[in-house]
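One structure below.
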Amino acid sequence: MNFGYRGVSDCEGETEAVAAKREISTKNRFSRFWYHLSQTLCFFLCKMRGHLIHEELHVFIVSSKARRSGCGKEVREASLTPAHHSVGEGKKRGKRGGGEGNQKIPKICFNIMNPCVFIVFSFLLICLETTTANPLVATGGGDDNGVVKKCLDKERHALLDFKAHLQDPYETLSTWRVEEEEDCCKWRGVTCNNQTGRVIVLSISSGGLKGEISDALLNLSYLTHLDLHSNSFHGVIPTFIGSMTELRYLDLINNSLHGTIPWSIGSLTKLRYLKPGNNYLSGTIPRSIGSLTELRVLGLSHNSLSGTIPPELGNLTNLQWLILQSVGRCRVENLEWLSHLSHLQQLVMDGISLAKKNHWVDVILSLRKLSVLSLIGCELSQVMYPYSSHLNSSSSILYLYLGNNRLNSSMYHWLFPLTSNSLLRLGLAINMLDGIPKYLGSLCSLKSLYFYNNSAVVEFPVFLKNLSGCTSLALQYLDTSHTQFTGSPSDEIQTLKNLTYLFMSSCNLGPRFLKWTQTLNSLQYLNIANNGISDTIPLDFWDKWPSQLRYMNLSFNNISGNLPDLSTKFDNNSVIDLSSNNFYGQITDVSSTVALLNLSRNKLHGGISFLCQVVHGLLVSLDLSYNLLSGRLPDCLWHFKELKVLILEHNNLSGRLPTSQNNFSEELPLSLKNCTGLKSLNLGFNKFTGKVPAWIGENLSGLYFLFLGSNNFFGTIPLQLCQLPNLQFLDLSLNHLHGTIPSCFDNLTSIAQEGSLPTKNVHSYSFQWFYSEGGIYDELYDDGKDMHLREFTRNLGLLKSINLSSNNLTGKIPYEVTNLYGLCVLNLSKNALHGEIPKKIGQMRQLETLDLSRNNLSGEMPSSMSCLTSLSYLNVSYNSLSGRIPSGTQLQSFEPSRYNGNPRLCGPPLTKKCPGNEESEVQSVVGKSEGDGEEIDELEIWFYICGASGFVTGFWIACGTLLVSRRGRCSFFHFYDSFTDWVDVKAAVSFANLRRVERR
């Protein structure tokens, strides 16, 4: 679930700048108030003493203001004449000159120096200082003259120091330059106070920055807003963060931070927004967070926290959003603290067990402003008494999610008080419900109902009847996927007049085609995949369709007949998935508004020239694999500017890949540059010929997936493929390639990095409507439960693979290949490679599959192969390898056939023993030969290295503990002294007993 909290700086609806200006305006009004009050007090005090000193006070005040505002001498002299004096009096005073004025000042001071007037003067000076010194924030404008100050050198150096500790692969901080004349207030992500030049905002989110959070931030002493979300910051949240006491906004979400949340964070008493979610934080939630009484938003979701959720959170009486989704293994002792959060609007506690929390419904209803409640996976079915019998409160909840709680229909009696006519969205998915109650049909504002993945059997007619009240008129979104329905739909289906989204995949609605879908006049998104439909689509089905479709999924059924006309009835950026059916015939017409088209796994034949009719369309993803298509690729294919995914495998397509507009020239045409957005290219299992185009590496730098296997390509592997930094999957197998394996393969940085790229990041742009049975969950709910990605996309998220097998490659395996630390599959079998297996192959610790069979490799198997602990498949058969198979759990567990064809290999799992094996099992592993002058076996060296490192590590763990811990040291030596004393006493007693025995 994603609540879209990014960018919220103040939950009360005002920005930091507006809040600051409002505070300054208040202080200025306060200053003017004290100014007039002081004048009045002075007047009455002087009247009581018989001295009229109001003019002198006015002179003093105006003079002070003139000096502070930088006015000239003329202004100060003009202000010496009070406004209420006559012109004559003014001239008299002017004739006296400044001398009398200077003489009067001591007199004035003497006359007013009683305690009351002294206090008044103190207030005046404070108010004047406050009025002139209060800063204006950057977004609120500058001073009266419009002068904007540059940032301070100290803070500029602090920002440069912060940058120096980071890796910036995307040059997010390229504007942060070291030149002295640079104004850091103009740098990206930096906002300063216009009047003071102080840095008050640092916002560099989604910049790809890597590194630790530097203590250079401490020099930004006026920083109020720190936003580092969606980067790759690692390390711990530093304890010095508690010293940045001016902070009001702190966002660290979506990074790689680990360790605990520091206790010092409780010192940020001005904080209003705190989100360290989506990291790897562990430990407990510090109780000091309860000191942040100004907090409006607290998000700790998606971490590995443990322990009890501190009841001190009940002190956060201003809290409006509390997000505790998937925080880890946290538990709740009681919910009493929750009732103190009277301003709470959104509460998310997904994954936190409420199994023993009786009357939790009462607590929820006490939160009168609560609009969003999500308790997914909270074990609500185990609560004995969810609410009290005297409950008499109404609910204000607009969005209610209770999925994955193993609830049955008995829950509807306590659900009733949580619902009202204001409810907009209700989530009851992943439970054991066998229907819905009648009162749900009376929720006149309900727009979305999530009922998918309920394991009980539901009667479809009854289900529709209970929705047929005013709810049927309001309902726009209905998802019942993976719920087993029985019976045919009744006439009540026609009451769902405003239904726009209908997702009913895997609901056992077949075998007849669902003609009743035509009665839903507002329908735009339809998913009825995998329903066992074995029928043909009626000929007039599209003609009678009432609206423009944006998403249609009929896949994984057994629908037969000619492929329907796809040129009409589809809106812009629409999605059509008719895969895994029995459609036949030729593809004739496709709408130019289609963005994703999947016609794979049917019986379609003919060519694909229909694409030229939509060449200027919006096509993003095209999958025509596993059909009977034939002919050449049309040149117009390369003019699709938005094309990201192209899958044409398992057809009978032929010809050369176009390297130019006439398919034969070696020059790179300008038109091919339009394909720079392509992310996945799959042309496998066809009859393409020619060389592997070099423009793939030169122009398609965004490729994640390249599959050209099982074709008739010849020539060498172009070096330009090394220019694909995002490539994760490369398959050139089953072709006629020759030459050597490029040594530049270690430039494939995505494969060289350990860990896999999440599938959703790879293809979210192309399969955006395939998420969540259509992915139309907005910012308040998205569980991504049903992702229809094809085989290759599943591989993308799980492994990184290079397959060059079944070609005519020669030369040695380049040692640079061993730098691909993230590689999971390496298949170089059935080539003509020679030389030795690279010595450092053991550092490829992510390898799960390694196939080097049927080559001409020689030499010994490197001992480092015993470090390949993830290896589940190995084949080195039919080479010329020799020597002992290195000892390792994985290498000895494979079948002997994986080593066949290497007559000089010996050792387990082969039955052939190595020389010297007769002495002992251990000696055969160590492989030592004395007196023959040969070098020490490499395995023996590793044995001694591991033994020595283990001894040193164990020694320093023990001794280091004694050195660091004074308490442990005292305990150890106390035990040691006691033990030695005990041994001495026992020895003395034993010797004494022996002597007595001897004397007897």
Side-chain angles (χ1 to χ4, degrees), residues 234 256 258 280 304 704-705 707 726-731 733 741 745-746 748-759 761-762 791-805 813-829 833 836-855 857 860-877 879 881 883-900 902 905 907-910 925 938-939 942-943 945-946 949-950 953:
H234 55 81
S256 299
H258 58 82
Y280 303 101
S304 300
Y704 291 101
F705 184 93
F707 187 13
N726 298 311
L727 194 66
Q728 286 188 242
F729 192 102
L730 173 63
D731 194 327
S733 63
I741 299 174
F745 267 8
D746 58 347
L748 302 174
T749 52
S750 184
I751 298 180
Q753 296 174 356
E754 295 187 31
S756 62
L757 189 67
T759 306
N761 291 339
V762 177
E791 296 171 2
F792 76 97
T793 51
R794 289 201 299 268
N795 290 339
L796 258 177
L798 298 175
L799 56 84
K800 300 177 181 181
S801 173
I802 293 179
N803 188 352
L804 306 178
S805 63
I813 301 175
Y815 71 88
E816 288 85 357
V817 171
T818 62
N819 294 329
L820 300 175
Y821 303 118
L823 193 64
C824 298
V825 175
L826 178 60
N827 191 346
L828 305 178
S829 64
L833 302 172
E836 297 183 344
I837 300 174
K839 297 287 185 184
K840 296 183 179 180
I841 195 170
Q843 65 188 14
M844 303 173 70
R845 298 180 183 274
Q846 301 295 319
L847 267 184
E848 299 178 15
T849 298
L850 176 62
D851 194 343
L852 304 176
S853 63
R854 299 183 185 275
N855 282 284
L857 300 175
E860 296 185 353
M861 294 178 63
S863 59
S864 63
M865 291 184 70
S866 61
C867 298
L868 300 176
T869 54
S870 299
L871 206 60
S872 58
Y873 179 89
L874 172 68
N875 195 343
V876 294
S877 61
N879 282 285
L881 300 174
R884 179 181 290 106
I885 298 174
S887 296
T889 305
Q890 255 67 23
L891 301 183
Q892 272 66 51
S893 65
F894 297 118
E895 297 179 0
S897 61
R898 306 291 175 82
Y899 302 97
N900 284 350
N902 295 283
L905 272 181
L910 299 178
V925 174
E938 188 178 357
L939 188 60
W942 281 105
F943 173 77
I945 290 175
C946 294
S949 60
T953 303

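Everything numeric here is computed off the predicted structure, so don't read it as measured data. As a basis for the values below, the full set of heavy atoms in this structure was taken, side chains included, without hydrogen atoms, waters or symmetry mates.
Not counting sequence neighbours, Asp746 has no partner by the side-chain hydrogen bond (donor to acceptor under 3.5 Å, both in side chains) test. Scored by the side-chain hydrogen bond (donor to acceptor under 3.5 Å, both in side chains) test, Ser829 finds Asn827 as partners (sequence neighbours excluded). Residues satisfying the side-chain hydrogen bond (donor to acceptor under 3.5 Å, both in side chains) criterion with Asp851, sequence neighbours excluded, are Ser853. Qualifying side-chain hydrogen bond (donor to acceptor under 3.5 Å, both in side chains) partners for Ser801, counting only residues two or more places apart in sequence or in other chains: none. Looking at residues two or more places apart in sequence or on another chain, you find a ring-ring contact (aromatic ring centres under 6.0 Å, His included) between Phe707 and Phe685. Residues passing the side-chain contact (heavy atoms from CB on, under 4.5 Å) test with Pro838, sequence neighbours excluded: Ile813, Thr818.
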Inset, instruction - Dump the intermediate steps for side-chain contact (heavy atoms from CB on, under 4.5 Å) on Ile885 and Gln892, then the final yes or no. - result: CA-CA 8 Å; Ile885 298 174; Gln892 272 66 51; 3.8 Å; yes
Inset, instruction - Mind running side-chain contact (heavy atoms from CB on, under 4.5 Å) on Leu820 and Leu826 for me, showing each step along the way? - result: CA-CA 10 Å; Leu820 300 175; Leu826 178 60; over 6 Å; no
Legend entry - Audit row: Lys800, Leu727, side-chain contact (heavy atoms from CB on, under 4.5 Å) steps and yes/no: CA-CA 9 Å; Lys800 300 177 181 181; Leu727 194 66; over 6 Å; no
Legend entry - Worked check of side-chain contact (heavy atoms from CB on, under 4.5 Å) between Glu816 and Phe745: CA-CA 7 Å; Glu816 288 85 357; Phe745 267 8; over 6 Å; no
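Across all their heavy atoms, Leu847 and Val825 have their closest contact at CD2-N, 4.1 Å. Taking every heavy atom of both residues into account, Pro909 and Phe894 meet most closely at CG-O, 3.4 Å. Minimum heavy-atom separation, Leu891 to Tyr899: O-OH, 2.7 Å. When all heavy atoms are compared, the tightest approach of Pro886 to Pro862 is CG-O, 3.3 Å. Annotation for Arg854 and Asn879: closest pair N-ND2, 3.9 Å, computed over non-hydrogen atoms. Between Ile841 and Leu868, the shortest heavy-atom contact is O-CD2, 3.5 Å.
Interatomic distance, Asn875 CG to Glu895 CD, rounded to the nearest 0.5 Å: 10.0 Å. If you take CG on Leu823 and CD on Gln753, they are separated by 13.5 Å, rounding to the nearest 0.5 Å. Taking CG from Leu905 and CG from Asn900, the interatomic distance works out to 10.0 Å, rounded to the nearest 0.5 Å. To the nearest 0.5 angstrom, Ser870 atom OG is 12.0 Å from Met844 atom CE. Atoms CE and CZ, on Met861 and Arg884 in that order, are 12.5 Å from each other to the nearest 0.5 Å. In this structure, the separation between CG on Leu828 and OG on Ser805 is 8.5 Å, given to the nearest 0.5 Å.
Looking only at distances, a side-chain donor or acceptor of Arg898 sits under 3.5 Å from a matching main-chain atom of Leu874. Under the 3.5 Å distance criterion, the side-chain polar atoms of Ser256 are left unmatched by any main-chain donor or acceptor of His234. Counting only distance, with no hydrogens or angles, the side chain of Lys840 and the backbone of Tyr815 share no donor-acceptor pair below 3.5 Å. Within the 3.5 Å criterion, the main-chain N or O of Ser733 finds no donor-acceptor partner in the side chain of Asn803.
More than 12 heavy-atom neighbours from other residues, nucleotides or ligands sit within 6.0 angstrom of OH on Tyr873.
Counting only heavy atoms from C-beta outward, the side chains of Leu881 and Ile837 approach each other to under 4.5 Å. You'll find the side chain of Ile802 stays beyond 4.5 Å of the side chain of Val817, heavy atoms only. By the 4.5 Å heavy-atom criterion applied to side chains, Leu850 and Met865 are counted as neighbours.
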